[in-house]
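First comes the structure, then the notes that go with it.
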Amino acid sequence: YTTLFRSTMVGISPYVKTESDKYLVKVGAGMYVDALGKTTFHFYPQAYLQYRLFDDILVPYAGVDGRRIRNSFRSLTQENPFLNGAPSLQNASLMYDVYGGMRGSLSQDVGFDVRISKGRTDDKALFIGQENHYAGVRYGDQFLPVYDRVDQLDIGGELRYSHDEHIDVHGGLHLFSYDTDVQAEAWNLPTYTINLGGTYDFRDKLLLKVEAQFLGTRKSTLPVAEGWNDLSPAPTAVDLDGYVDLYLGIEYRYTRRLSLFLDVSNLSASKYARWYNYPVQRTLVLGGATYAF
């Protein structure tokens with residue numbers, strides 16, 4: 001019970017809102033009590049404003065967001081599955097994310113959203129490779145989290161085409177730049193991402209999905225020595241190339257309860273490494289069935 005209580009985080013986000021046919025204004029705050037380590041209180045301003053033009057054809061908007069982010073072994077391994085077995089844990093704070101943009105529609109079927117944001121995250125988890133010794137052999141096969149303040153500028157946009165609830169095509173581009181406080185680089189964070197995809201639903205029986213993900217270059221590190229900490233010599237930076245990953249999914253709904261599926265990842269058979277020293281499998285095929293009771 002004591003261990004559970006010491007890792008508890010409780011938050012509320014009260015707000016007030018006013019709106020009409022033309023505008024929406026929402027002002028509030030995020031308030032959190034965090035019991036990880038020692039009990040601390042955190043307060044973040046939150047606001048959102050939008051204005052509808054030409055019957056929602058154009059909707060300019062702006063806002064600011066902030067929140068406390070709980071880091072756990074599960075959340076960190078979902079981001080990097082090669083984490084070491086006993087990582088240090090610190091919760092992060094999105095101190096602010098100030099953003100503005102424009103969304104709207106080019107036609108009945110085509111919509112868009114362009115946006116720019118500037119944010120700061122305190123104690124953001126970055127990942128550095130670490131050597132481990134076993135039976136006299138050194139392995140650089142795990143990552144440890146290091147926590148740093150990371151400022152991020154994100155400029156991006158998305159375009160979507162939807163028709164008759166059976167065809168959905170989307171694409172997005174985001175360009176990033178980072179600034180850190182202690183670490184030399186924002187380790188393993190991409191310089192850009194591009195996502196393209198589409199879904200075709202044939203008579204609610206056959207569902208086809210195609211996705212393409214492009215990830216830009218990242219700064220990673222050579223594995224540091226076992227026992228490394230922030231007072232040790234800085235890690236040696238290495239460049240990880242960008243890559244493209246193509247995905248195809250097919251689902252056949254035999255009945256409302258029973259369906260068959262086939263998923264194929266990395267169709268291009270690219271030999272890329274999302275994390276240093278961890279090249280992915282050339283092509284992964286997964287098939288099966290689902291049944292709803």
Side-chain angles (χ1 to χ4, degrees), residues 1-13 29-46 64-99 117-132 140-154 176-190 218-238 240 274-278:
Y1 172 81
T2 302
T3 302
L4 177 62
F5 178 76
R6 287 177 179 173
S7 64
T8 298
M9 183 167 64
V10 179
I12 58 173
S13 297
M31 295 177 285
Y32 296 80
V33 175
D34 188 350
L36 182 63
K38 63 178 181 179
T39 301
T40 55
F41 175 77
H42 304 267
F43 176 89
Y44 308 94
Q46 298 173 344
V64 60
D65 192 16
R67 61 186 180 275
R68 189 70 170 165
I69 303 169
R70 185 171 185 263
N71 286 324
S72 64
F73 182 77
R74 182 175 184 273
S75 68
L76 293 181
T77 52
Q78 284 184 322
E79 184 174 356
N80 184 342
F82 311 113
L83 196 68
N84 66 28
S88 62
L89 294 178
Q90 295 182 36
N91 290 332
S93 285
L94 178 61
M95 303 303 296
Y96 61 83
D97 181 23
V98 181
Y99 60 89
S117 68
K118 176 69 173 179
R120 168 171 291 182
T121 304
D122 281 353
D123 295 323
K124 181 176 178 62
L126 305 173
F127 299 96
I128 291 178
Q130 182 183 38
E131 290 181 347
N132 292 275
D141 61 349
Q142 293 185 347
F143 288 81
L144 69 139
V146 293
Y147 299 92
D148 198 4
R149 187 207 74 203
V150 177
D151 294 342
Q152 175 179 290
L153 175 66
D154 177 3
F176 302 101
S177 67
Y178 309 98
D179 185 36
T180 55
D181 182 27
V182 176
Q183 300 298 316
E185 301 283 350
W187 306 121
N188 296 292
L189 297 183
R218 289 94 61 217
K219 287 288 186 180
S220 189
T221 70
L222 296 178
V224 298
E226 193 170 14
W228 182 92
N229 56 51
D230 288 341
L231 300 178
S232 304
T236 301
V238 295
L240 293 182
R274 173 62 182 92
W275 305 97
Y276 181 74
N277 267 353
Y278 277 94

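What's counted below: heavy atoms across the whole structure, side chains too, no hydrogens, waters or symmetry copies.
When all heavy atoms of Val33 and Phe41 are compared, the pair lying nearest together is CG2-CD1, 4.1 Å. The two atoms that bring Leu153 and Ser117 nearest to each other are CD1-O, 3.4 Å, heavy atoms only. In plain terms, the two heavy atoms of Ser220 and Asn188 that are nearest each other are OG-OD1, 3.4 Å. In plain terms, the two heavy atoms of Ser72 and Leu89 that are nearest each other are C-CD2, 4.0 Å. Minimum heavy-atom separation, Asn277 to Pro223: ND2-CG, 4.3 Å. Shortest non-hydrogen contact noted between Phe143 and Tyr276 is CZ-O, 3.6 Å.
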Is there a side-chain contact (heavy atoms from CB on, under 4.5 Å) between Leu189 and Lys124 once you walk through the steps?
-> CA-CA 11 Å; Leu189 297 183; Lys124 181 176 178 62; 3.9 Å; yes
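Although no hydrogens or angles enter the test, the distance criterion places a donor-acceptor pair under 3.5 Å between the side chain of Trp228 and the main chain of Pro233. Side chain of Asp148 to backbone of Gln183: a donor-acceptor contact under 3.5 angstrom is found. Listed for the Ser75 side chain is no donor-acceptor partner under 3.5 Å among the backbone atoms of Asn71. Using a distance-only test at 3.5 Å, with no hydrogens or angles considered, a donor-acceptor pair links the side chain of Arg218 to the main chain of Arg274.
In terms of the side-chain hydrogen bond (donor to acceptor under 3.5 Å, both in side chains) criterion, residue partners of Asp154 (sequence neighbours excluded) are, by chain and number, His174.
Counting heavy atoms from C-beta outward, Phe73 and Pro87 have side chains that approach closer than 4.5 Å.
A distance of 9.5 Å separates CD in Glu131 from CG in Leu222, rounded to the nearest 0.5 Å. Note that CG of Leu126 is 10.0 Å distant from OH of Tyr178, once rounded to the nearest 0.5 Å. Of the inter-residue distances, the one linking Asp179 atom CG with Arg120 atom CZ reads 8.0 Å to the nearest 0.5 angstrom. With rounding to the nearest 0.5 Å, the separation of CD1 in Ile128 from CG in Asn80 is 12.0 Å. How far CD of Gln90 is from CZ of Arg70: 14.0 Å, rounded to the nearest 0.5 Å. Note that CG of Asp34 is 4.5 Å distant from CG of Asn91, once rounded to the nearest 0.5 Å.
Defined by atom type and a distance below 3.5 Å, a donor-acceptor pair is present between the side-chain atoms of Ser93 and Tyr44.
Between Asp151 and Arg149 there is a salt bridge, with a side-chain nitrogen of the basic residue lying less than 4.0 Å from a carboxylate oxygen of the acidic one.
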